[in-house]
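Since the structure is predicted, the reported quantities are computational estimates derived from the model, not experimental observations.
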Amino acid sequence: MSRPKFGHEMTTYFALDPHYTNLNHGSFGAVPKPVLDACNKLSDKMEANPDYFIRIAWHSLLNDARSRLAQFIGAERDECVFVPNVLTGVTTVLRNFEWNAGDVLIMSDTTFNSISRAAQHIAATRPHPVLSQFVLRFPVSHSTVLDNFRAHLRSITQQPSHPCDRKVVAVFDSIVSTPGVLLPWREMVRICREEGVWSVVDAAHSLGQEQDLDLRTSQPDFWISSCAKWLYAQRGSALLYVPRRNQHMIRTAFPSALSWMTPSRDDIISSFESQFYWNGTIDLMPFLSVHAALDFRAFLGGEDNINAYCRALAREGGARLAEIMGTRVMDLTPDGELTINMVNVELPLSPRVTPSADVDRAFQHKLLVEHRVYAAHFFHNGRWWARASAQVYNEIKDFDKLGRAFLVVCKEIAARHAAESSLARL
């Protein structure tokens, strides 16, 4: 089978509504038809004999999928396990730390909301570790991010009253969700190691968007990524990487596995891998869909081919959006170091329109229902922005459609805000 041309010809390989223009692949992904077909065939095999499939067949299929992902990220199979989503993976790591009063958990103000809530809950629970916020304001260069990150860590670790046994754990993104920017996470991991800080990398957007991950070299303490966003696997699949040196810290999955055992006199506990084999009845197909997803990516020419197209389109599409809307792209660095397959462009909407659930619903309904096009919107550093994802099924004309839609939607939202403000002054 010959490889199709990237762009709208690729839509025949996806189940997307032909009347809908998806520029938000980064949120929920889009599963290719060959991956769906492969999963349906596996489901048929499972339903033909559920006991055989679940008790015998699926373990080898799961291990093979783990092996392929391990090779993909530059790790060993026994360092990689599946979890349903990135939040589960990050929460599993954070909940396995033995927190003490005075310990510090570092998050960014751009940390994804659900991850941030998980950290806040830990800080609100005895023994109440301290929650510290690392501030990121984009646009900013990688070098400035690194300088500020090191300074933030040192403000904690070099305090005169800092006890030598106090834990400091930093959770940070590889690629921020909003704004959709690449962070210098490998260097941030190195800084954590130099400063004696645990590194937990929320790499939700990395699999399928970043090339040459090579975790053996970067050596994060923990690294969690979605298989469903950019890798083309089914939703409900994510990868938790824990190097051997840290596996003793993961005493249980959440929920605890069938194989979990209370430590005995001989301190015999179930292994790291077995903690994640059976955590209750779930849909097994998302984990196994990784096989077909990786096969499909190979059919498209591999990682370099896929990402070269998406990266070039993101940058061209961002410039087109800025031109149509009369605004600017966020990434002003000389070599575009913040941008890979997602691009951030300022929206023509006054900051006097403050973020609210009503504004969010207005954006979503008007774009999805009225204009049948979508990209994420968000408020950052005092301005409204759009985050558009470029994928192999997109073309530059999709950005034209999105730009025209945003012009209309922003004008309507601004008019409603002005009317509501006038009424409030009466």
Could you go step by step and tell me if Tyr232 and Asp295 meet the side-chain hydrogen bond (donor to acceptor under 3.5 Å, both in side chains) rule?
CA-CA 10 Å; Tyr232 300 150; Asp295 290 344; over 6 Å; no

Taken in chain and number order and not counting sequence neighbours, the residues that satisfy side-chain hydrogen bond (donor to acceptor under 3.5 Å, both in side chains) with Arg361 are Asp358

Ser108 meets the side-chain hydrogen bond (donor to acceptor under 3.5 Å, both in side chains) criterion, sequence neighbours left out, with Thr110

Residue set satisfying salt bridge (Lys or Arg N to Asp or Glu O under 4.0 Å) with Arg193, at least two apart, ordered chain then number -> none

Sequence neighbours excluded, the answer for salt bridge (Lys or Arg N to Asp or Glu O under 4.0 Å) partners of Arg320 is Asp400

For residues 31-48, the side chain to side chain donor-acceptor pair (under 3.5 Å) pairs (sequence neighbours left out) are none

Sequence neighbours excluded, the answer for side-chain hydrogen bond (donor to acceptor under 3.5 Å, both in side chains) partners of Asp398 is His8, Asn394

Across all chains, not counting sequence neighbours, the salt bridge (Lys or Arg N to Asp or Glu O under 4.0 Å) partners of Arg328 are Glu346

- Message: Whether Arg150 and Glu194 form a salt bridge (side-chain N of Lys/Arg under 4.0 Å from carboxylate O of Asp/Glu) is what I want to check.
- Response: yes

Sorted by chain and number, sequence neighbours left out, side-chain hydrogen bond (donor to acceptor under 3.5 Å, both in side chains) with Thr21 holds for Lys401

Residues pairing under side chain to side chain donor-acceptor pair (under 3.5 Å) where one sits in residues 70-82, two or more places apart or in two chains, turn out to be Glu76-Arg216, Asp78-Arg244

Applying salt bridge (Lys or Arg N to Asp or Glu O under 4.0 Å) to Arg117 and not counting sequence neighbours gives none

In short, ring-ring contact (aromatic ring centres under 6.0 Å, His included) pairs touching residues 309-364 with sequence neighbours left out are Phe6-Tyr309, Phe363-His377, Phe363-Trp384

Hits for ring pair (Phe, Tyr, Trp, His ring centres under 6.0 Å) against Phe72, two or more places apart or cross-chain, chain-then-number order -> none

Original post:
Are the charged groups of Glu412 and Arg416 less than 4.0 angstrom apart, N to O?
Top reply: no

